[in-house]
Trainee: 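Take a look at this one; I'll ask things after.
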Amino acid sequence: MATEQPFLPVLLGSDMNAYGMARAFYEAYGIKPLVLGRSHLTATQDSHILQFQEIDRLNEQDVFAPALAEVAKKYADKKLLLLACGDDYAKLIIKNKPALQEHFTVPYIDESLMDEILLKENFYKMCDQYNFKYPGTTTVTADNYENFTPPFAYPIILKASNSVEYWACKFPGKKKVFVAHDEAEKTAILKAIYSSTYQDTMIIQEFIPGDDSYMRVLNAYVGKDGKVKLMCLGNPILEEHSPEGIGSYAAIVTTYDKELMDQVRFFLEDIGYTGFANFDMKFDIRDKQYKLFEINLRNGRSSYYVTASGHNLMKYVADDHMLNIEQDVTYVQDKHLWMIIPKGVLFKYASNEKLKLEAKKLISEGKYTNSLYFNEDMNAKRWVKLTLNNLNYYRKYKKYFNNKGLSE
């Protein structure tokens, strides 16, 4: 049942992250957030816990600011909390922050700090400063890729330094992340990328051995006072393996590592960070160290795993900015299984037997959540679409999954 609140969350994006965020707001406050997106994706369709508004080209600068000014005018009687569900929207919010703050509460860092963090090569310099380990990394450009030889052994990882520009480009065989097993494959991948509109730097990294379960994801919320309020570490059991989904988590068990959390907390507070942060890393069995891949300036796509564990991530930002409720720091230790795939897919394709046993135990105890399946928001249309979506996961894993620890 929706209840009247003095504030309204405005969420940018319409994917499963948008749905998880809307669900978290609804669970915490009985509130139906306004969700703005370029198209209406399955995750947010036929939902009664959110209001959806389609805005064409919302991710383009000339449309973005005027469209949000119109939205603010329409809801002038509410305090508006603006949140991004993806990288492109987070970047646009930060770039337009001074103008947006006239109408919205904008819990994001300033553009100067974004520029230090956003480009991966800059981020790795910060890692050196704060003693975070990261994979052997080099860069290649449109000017030198034809004569480029990687300084470490194959297989290697190739990914765009500028994820927003890369997201906008098109070429045959495009993937979020590439793995090249030899010189010929590396050359073909780079040639395909630089034949597209993407002309920015590419990051080349050594491949860290291990399957999906060696990954870790950490979501944090830093309050307006610059102090970390919530940290939750997740251990993915399985990632998505389709070309557009590589690197996106499909099932996560919450875990705990105080030393790692302390290190990340010091880093965020020391650089003057505020708002949501999301870290992706992989545990390297060769030296028993976490290798950090990136920091996202927003909550992660799978961040409902935090809320599912009993610590509502959206309640932290709204209590802090909208209701001025003071908060202490919490490191989540409650075990929970979050997933967006059917159990049949999880147990067929996940290879870490220890984590699979833990997942089965959590399921038997009722400590598991699929963020798209919400009993209070189920109707015949939504159920049919989610069921078809679930069946599609069986097809996608059968087609794309391989078990070498490589996302191909």
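Keep in mind the model is a prediction, meaning the values are calculated, not measured.
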Trainee: Do Lys176 and Ser248 touch side chain to side chain, with heavy atoms closer than 4.5 Å?
Mentor: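 Lys176 vs Ser248: side chains touch.
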
Trainee: Is the backbone of Leu230 close enough, under 3.5 Å, to the side chain of Gln327 for a donor and an acceptor to pair up by distance?
Mentor: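 Between the backbone of Leu230 and the side chain of Gln327 there is no qualifying donor-acceptor contact (under 3.5 Å).
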
Trainee: Salt-bridge test for Asp62 and Arg57: reply yes if a basic N is under 4.0 Å from a carboxylate O, no otherwise.
Mentor: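 Salt bridge between Asp62 and Arg57, a charged N being under 4.0 Å from a carboxylate O: yes.
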
Trainee: Against the six-membered ring of Phe293, is Lys159 placed for a cation-pi contact (under 6.0 Å from the centre, within 45° of the normal)?
Mentor: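 That pair qualifies as a cation-pi contact.
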
Trainee: Can you find a heavy atom in the side chain of Tyr304 that is under 4.5 Å from one in the side chain of Tyr19?
Mentor: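 Counting from C-beta outward, Tyr304 and Tyr19 never come under 4.5 Å.
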
Trainee: Kindly indicate, with the supporting measurements, whether the criterion side chain to side chain donor-acceptor pair (under 3.5 Å) is fulfilled by Tyr400 and Glu240.
Mentor: CA-CA 9 Å; Tyr400 294 112; Glu240 293 194 42; over 6 Å; no

Trainee: Tell me whether the count of non-hydrogen atoms from other residues, nucleotides or ligands lying under 6.0 Å of CZ in Phe266 goes above 12.
Mentor: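 No - once you tally the heavy atoms of other residues, nucleotides and ligands closer than 6.0 Å, there are 12 at most.
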
Trainee: Would you confirm whether Lys367, through its side chain, and Asp334, through its main-chain N or O, come within 3.5 Å as a donor-acceptor pair?
Mentor: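 Here the side-chain-to-backbone pair does not exist.
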
Trainee: Could you go through the side chain to side chain donor-acceptor pair (under 3.5 Å) check for Asp257 and Tyr290 one step at a time?
Mentor: CA-CA 11 Å; Asp257 185 324; Tyr290 291 110; 3.0 Å; yes

Trainee: Looking only at side chains, do Tyr331 and Asp262 share a donor and an acceptor under 3.5 Å apart?
Mentor: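 Side chains of Tyr331 and Asp262: pair found under 3.5 Å.
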
Trainee: Could you give the distance from CD1 (Ile208) to CD (Glu206), rounded to the nearest 0.5 Å?
Mentor: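 Result: 5.5 Å between the selected atoms.
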
Trainee: Quick one: closest heavy-atom pair of Val179 and Pro155, and the distance?
Mentor: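 Heavy atoms only, the tightest pair is CG1-CB, 3.9 Å.
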
Trainee: Got a donor-acceptor contact below 3.5 angstrom from the Lys282 side chain to the Gly210 backbone?
Mentor: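 Yes, because the side chain of Lys282 sits within donor-acceptor range (under 3.5 Å) of the backbone of Gly210.
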
Trainee: Indicate yes or no: does Asp319 engage Lys229 in a salt bridge with an N to O separation below 4.0 Å.
Mentor: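 Salt bridge flag = no for Lys229 with Asp319.
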
Trainee: Determine whether His103 and Leu68 make a side-chain contact, defined as any pair of heavy atoms from C-beta on separated by less than 4.5 Å.
Mentor: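 In short, these two side chains do not touch, never coming nearer than 4.5 Å.
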
Trainee: Counting only N and O atoms by type, is there a donor-acceptor contact under 3.5 Å from the side chain of Arg301 to the main-chain atoms of Gly86?
Mentor: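 No, because the side chain of Arg301 does not come within donor-acceptor range (under 3.5 Å) of the backbone of Gly86.
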
Trainee: Under a 3.5 Å cutoff, is there a donor and acceptor pairing between the side chains of Ser351 and Asp211?
Mentor: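 Indeed, the side chains of Ser351 and Asp211 share at least one donor-acceptor pair under 3.5 Å.
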
Trainee: Nearest 0.5 Å, please: how far is CD1 in Ile295 from CD1 in Ile117?
Mentor: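 Answer for the CD1-CD1 pair, Ile117 versus Ile295, is 5.0 Å.
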
Trainee: In terms of relative ring orientation, are His40 and Phe52 parallel, tilted or perpendicular, with 30° and 60° separating the classes?
Mentor: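 Ring orientation, 0 to 90° scale: parallel.
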
Trainee: Show your reasoning for whether side-chain contact (heavy atoms from CB on, under 4.5 Å) applies to Val106 and Ile93.
Mentor: CA-CA 8 Å; Val106 185; Ile93 287 174; 3.3 Å; yes

Trainee: Rounded to the nearest 0.5 Å, what separation is found between the CZ atom of Phe25 and the CD1 atom of Ile49?
Mentor: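 These two atoms lie 11.5 Å from each other.
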
Trainee: In terms of ring plane angle, is the pair His241 and Tyr397 parallel, tilted or perpendicular, where the classes change at 30° and 60°?
Mentor: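 Ring orientation, 0 to 90° scale: tilted.
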
Trainee: Where is the tightest heavy-atom contact between Arg298 and Ala90, given as atom of each residue plus distance?
Mentor: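 Scanning both residues completely, I find the closest heavy atoms to be CB-CB, 4.4 Å.
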
Trainee: Would a distance-only check, ignoring hydrogens and angles, find a side-chain to backbone donor-acceptor pair under 3.5 Å from Asp377 to Ser47?
Mentor: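 No, Asp377 side chain to Ser47 backbone: no donor-acceptor pair under 3.5 Å.
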
Trainee: Quick one: do Lys361 and Glu358 make a salt bridge, cutoff under 4.0 Å?
Mentor: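 No, Lys361 and Glu358 are not salt-bridged.
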
Trainee: Please confirm whether the backbone N or O of His48 pairs with a side-chain atom of Lys32, one donor and one acceptor, at under 3.5 Å?
Mentor: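 Yes; judged by distance alone, with no hydrogens or angles, the pair exists.
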
Trainee: Between Asn312 (side chain) and Ala24 (backbone), is there a donor-acceptor pair under 3.5 Å?
Mentor: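 Side chain of Asn312 to backbone of Ala24, a donor-acceptor pair under 3.5 Å: yes, one is there.
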
Trainee: Could you walk me through whether Tyr316 and Thr330 pass side-chain contact (heavy atoms from CB on, under 4.5 Å), step by step?
Mentor: CA-CA 11 Å; Tyr316 275 81; Thr330 300; 3.5 Å; yes

Trainee: What distance do Lys348 atom NZ and Ile341 atom CD1 have between them, rounded to the nearest 0.5 Å?
Mentor: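 Interatomic distance, Lys348 NZ to Ile341 CD1, rounded to 0.5 Å: 12.5 Å.
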
Trainee: Answer yes or no: is there a side-chain heavy-atom contact under 4.5 Å between Lys79 and Thr105?
Mentor: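 Of all side-chain heavy-atom pairs linking Thr105 with Lys79, none is under 4.5 Å.
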
Trainee: Could you grab the distance from atom OG1 of Thr254 to atom CG of Asn219, nearest 0.5 Å is fine?
Mentor: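 One gets 12.0 Å once the value is rounded to the nearest 0.5 Å.
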
Trainee: Should Arg286 and Asp284 count as an ion pair when the cut-off is N to O under 4.0 Å?
Mentor: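 Salt bridge: yes.
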
Trainee: Would you find a donor on one side and an acceptor on the other, under 3.5 Å apart, between the side chain of Lys224 and the backbone of Asp320?
Mentor: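 Flag set: sc Lys224 to bb Asp320 pair under 3.5 Å.
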
Trainee: Should the pair Glu27-Arg23 be classified as a salt bridge under the 4.0 Å nitrogen-to-oxygen rule?
Mentor: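 Between Arg23 and Glu27 there is a salt bridge, with a charged N closer than 4.0 Å to a carboxylate O.
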
Trainee: Decide yes or no on side-chain contact (heavy atoms from CB on, under 4.5 Å) for Ile55 and Gln53, but give the supporting numbers first.
Mentor: CA-CA 6 Å; Ile55 301 175; Gln53 185 182 332; 3.9 Å; yes

Trainee: Is the shortest heavy-atom distance from the side chain of Leu83 to the side chain of Leu11 under 4.5 Å?
Mentor: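 Yes, their side chains come closer than 4.5 Å.
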
Trainee: How many angstroms lie between atom OG of Ser371 and atom CE of Met21, to the nearest 0.5 angstrom?
Mentor: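 Ser371 OG to Met21 CE: 12.5 Å, rounded to 0.5 Å.
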
Trainee: Answer yes or no for Lys91 and Tyr108: cation-pi contact, defined as NZ/CZ to six-membered ring centre under 6.0 Å and angle to ring axis within 45°.
Mentor: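 Pair Lys91/Tyr108 does not count as cation-pi.
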
Trainee: Answer yes or no: is there a side-chain heavy-atom contact under 4.5 Å between Asp115 and Asn122?
Mentor: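 No, their side chains stay 4.5 Å or more apart.
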
Trainee: Under 6.0 Å from the ring centre and within 45 degrees of the ring axis: does the NZ or CZ of Lys335 meet both conditions for the six-membered ring of Tyr256?
Mentor: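 No, a cation-pi geometry is absent between Lys335 and Tyr256.
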
Trainee: For the backbone of Asp46 and the side chain of Asn379, can you confirm whether one donor and one acceptor N or O come within less than 3.5 Å of each other?
Mentor: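 It does hold such a pair.
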
Trainee: Does the pair Asn352 and Ser213 meet the rule for a side chain to side chain donor-acceptor pair (under 3.5 Å), with working shown?
Mentor: CA-CA 7 Å; Asn352 186 318; Ser213 68; 3.0 Å; yes

Trainee: Measure from NZ or CZ of Lys360 to the centre of the six-membered ring of Phe347, then state whether that distance is under 6.0 Å and the direction lies within 45° of the axis.
Mentor: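 Yes.
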
Trainee: Per the ring-ring contact (aromatic ring centres under 6.0 Å, His included) rule, which among Tyr166, Trp167, Phe171 passes with Tyr198?
Mentor: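 With Tyr198 as partner, ring-ring contact (aromatic ring centres under 6.0 Å, His included) holds for just one option, Tyr166.
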
Trainee: For Phe148 and Thr139, work out which heavy atoms get closest and say how close.
Mentor: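 In terms of heavy atoms, the two residues are closest at CE1-O, 4.1 Å.
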
Trainee: I'd like to know if the side chain of Glu353 and the backbone of Ala350 have a donor-acceptor N/O pair within less than 3.5 Å.
Mentor: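 No.
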
Trainee: Please give me the minimum heavy-atom distance between Tyr29 and Ala318, naming the atom from each residue.
Mentor: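 Shortest heavy-atom contact: OH-CB, 3.2 Å.
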
Trainee: With the side chain counted from C-beta on, respond yes when Glu185 and Phe178 share a heavy-atom pair under 4.5 Å apart, and no when they do not.
Mentor: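 A side-chain contact under 4.5 Å is absent here.
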
Trainee: Taking all non-hydrogen atoms of both residues into account, name the closest pair between Thr387 and Tyr373 and its distance.
Mentor: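 Minimum heavy-atom contact is N-OH, 3.6 Å.
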
Trainee: Taking the six-membered ring for Trp and the full ring for Phe, Tyr or His, determine whether the centres of Tyr249 and Tyr305 are under 6.0 Å apart.
Mentor: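 Aromatic pair excluded; centres sit 6.0 Å or further apart.
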
Trainee: Apply side chain to side chain donor-acceptor pair (under 3.5 Å) to the pair Lys343 and Tyr368, showing each step before the final yes or no.
Mentor: CA-CA 11 Å; Lys343 294 170 199 166; Tyr368 72 99; 3.2 Å; yes

Trainee: With a 4.5 Å limit on heavy-atom distance, are the side chains of Tyr134 and Phe123 in contact?
Mentor: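 Result no, sub-4.5 Å side-chain heavy-atom pair not found.
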
Trainee: Quick one: closest heavy-atom pair of Val71 and Leu36, and the distance?
Mentor: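 Of all heavy-atom pairs spanning Val71 and Leu36, the closest is CG2-CD1, 4.0 Å.
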
Trainee: Between Lys186 and Glu183, does the side-chain contact (heavy atoms from CB on, under 4.5 Å) criterion hold? Intermediate values first, please.
Mentor: CA-CA 5 Å; Lys186 177 264 303 176; Glu183 191 73 14; 2.9 Å; yes

Trainee: How about Tyr124 and Gln205: does a side-chain donor come under 3.5 Å of a side-chain acceptor?
Mentor: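 Result is yes, a qualifying pair exists.
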
